[in-house]
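Encoded as structure tokens, the structure appears first; notes follow it.
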Amino acid sequence: MRLPRTLAHLARASSRRIYTLSTFDLNHKINDCVRNGNVNDARKLFDEYPHWRNTVSWNTLINGYVKTRQLSEAQKLFDQMPKRDAVSWNTMLSGFRDAQNPQKAHQYFLQMIERGSMPDELTFAVLISAFLDTDFNVLIPQLHGLVMCLGLDLNIYLGSALMRGYIGLGDRLGFRRVFDEILVKDVVPCNVLILGYMEFGLISAAKKAFDEMPERNAHSWSILINGFMKNKEVNEARVVFDRMSEKDVVSWTAMMRGFVQCEKFMEALDLFVLMMNSPTRPNNYTFSSVLDACSGCSSLVMGNQVHACILKFGIPLDVVLATSILDMYGKCGDIDAAFRVFQSMSTKNLVSWNSIIGGYGRHGLAYRALEEFDRMVKNNIIPDEISFINVLSACVHGGMVKEGEERFNSMEAKYGIKAEMEHYSCMVDLYGRAGQLEKAEEIIKVMPFEPDVIVWGALLGACGLHSCLELGETAANRICKLEKDHPVVYTILSKIYGENGVRGGVFQLGKMIQKWRARKQKAGSWIESCPAAI
DNA sequence: TTCGGGTCTC
């Protein structure tokens, strides 16, 4: 028997109704899983109901993979999608941005246009943020032009990203023009305005912008503090910090970090103690800065306490924090502890290896430093210019001239790394200390830059060590031309004059010291802090 | 369903 016509209609209508409801439900459920970080559950739902999927389901799941850093899974899904919209492309772009892969972001953007998807404001916001601080940042003004051609709005997302783009390019006018052209502003572009002014050293403009803000949030205060610190205005930063009614972990950390950057290590540690007595709890960022402060004043006692504190708080030891700890031990004189931390790390990156190599070098264990360098290369980590600074200075302290020479020559030949001023000054130091002063002089002659104070200082130091009068005077003269009133110059020169029996020279130097009111430079050591730690 | 601004290691 056939169903009456009206009933059949009803059945079809209700099945359609169920169909749309279920797609809505499915997407909500997938989104809930993704928000809770359960991508696998989201995937199960996605696989279970293939007929209910629409583009939103695909996009949501792709976003789940992107957010959990499973880019290859995201890419697989993206390739299988029957129909991609701007959201799909934007999601992939944000994944490449988070993975710091501007090439891929660029490539996908071109594909997006080729395949006829229309980019929107967010596409450009994400793309610009992917290009920030990379070689691709030269494309940002072109993207800006494209935004204008397409007639897109300069909304708060796109506007803030563009402002940051121009800040990165050092384009003060472009940055300011974009701010003025943002149609409806909220607190974020105003914060970026302060950030930019501070970056360009326009402190009073930044202050004015801060004072005139219609509303402020935690970011505004931290940006201001950071800006003052960047411009070495420590006192101004402190005034702002003290004015803050609700200090959060970021503002505390920014303040400590600033003290460390201005080499005010004790102030940083004092602030840490204050923070521990406040309701705010430190995080891994805080501890990185505090450990840096411990290294700065070579206080193993404090360093040990901070390490214990990290364990007590149960802060997860990621690569960055573990590296900070090992670096602290290396700089505070406990190289064994540094190596234990290094060995215990399940993932090590280039910075971790550089840290341990630097630690061994600093302790005069040049062989160990070179061993670790070779072990690093074997582990498929490609050395950078800092690896070589550490390796070469290890050779300097270990007096390993031949090894140092070999490593220096391998830099460009093997790894394509151009030697910088620091590498050349290591070589001058290396030859100089070994008494090969002609070779040291030769390095200065062949280096492709105008030698700086450190290079001449290395040569002068070597001349002091080997009582070389003529070359010592040359080096001292060059240093005085570059930087007046350098106390070490007088100390070493008077030693050279004394040992060469040039009494007139000693007398003249005495007068010069009086004239410049130069004092013998103070020396520092971590030895005094060791016994307390044992 | 994609979303901007503040603190991290050599």
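Note on naming: letters A, B, ... go to the chains in the order of the sequence lines (proteins, then strands), and numbering restarts at 1 for each one.
Atom CZ of R35(A) has 12 or fewer neighbouring heavy atoms from other residues, nucleotides or ligands inside a 6.0 Å radius. For I382(A), the CD1 atom sits in a loose shell: 12 or fewer heavy atoms of surrounding residues, nucleotides or ligands are nearer than 6.0 Å. For E246(A), the CD atom is loosely surrounded, since the number of other residues' heavy atoms within 6.0 Å does not exceed 12.
Nucleic acid contact class of N155(A) (heavy atoms, under 4.0 Å, all strands): none. Counting non-hydrogen atoms under 4.0 angstrom, I223(A) reaches the backbone sugars and phosphates but no base. Contact annotation for A161(A): no contact, since no heavy-atom pair falls under 4.0 Å across all strands. Residue-level contact check: D318(A) touches neither bases nor backbone, having no heavy atom under 4.0 Å from any strand. R97(A) comes within 4.0 angstrom of sugar-phosphate atoms only, judged by non-hydrogen atoms across all strands, and of no base. Among the atoms of the strands shown, only primed sugar atoms or phosphate atoms (P, OP1, OP2) are found under 4.0 Å from some heavy atom of T60(A). Within 4.0 Å (heavy atoms only), K67(A) reaches sugar-phosphate atoms of the nucleic acid but no base atom. Among the heavy atoms of the strands, none lies under 4.0 Å from S94(A). Within 4.0 Å (heavy atoms only), N217(A) reaches at least one base atom of the nucleic acid. Nucleic acid contact class of T91(A) (heavy atoms, under 4.0 Å, all strands): sugar-phosphate only. Nucleic acid contact class of S129(A) (heavy atoms, under 4.0 Å, all strands): none. The residue V187(A) sits close to a base: some heavy atom pair falls under 4.0 Å.
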Please report, to 0.1 Å, the donor-acceptor pairs under 3.5 Å made by any side chain of residues 92-105 of chain A, with sequence neighbours excluded.
unit_1: S94(A); atom_1: OG; unit_2: T91(A); atom_2: O; d: 2.9
unit_1: R97(A); atom_1: NH1; unit_2: S129(A); atom_2: OG; d: 3.1
unit_1: N101(A); atom_1: OD1; unit_2: K104(A); atom_2: N; d: 3.2

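Taking the six-membered ring for Trp and thresholds of 30 and 60 degrees, F388(A) and Y415(A) have ring planes inclined between 30 and 60 degrees apart.
Residue pairs satisfying the ring-ring contact (aromatic ring centres under 6.0 Å, His included) criterion with at least one member in residues 252-271 of chain A, sequence neighbours excluded, are listed as follows: F241(A)-W252(A).
Taking 4.0 Å as the cutoff to heavy atoms of chain A, we find the contact window on DNA chain B bounded by dT1(B) to dC10(B).
Using a 4.5 Å heavy-atom threshold, the side chains of L61(A) and L45(A) count as separate.
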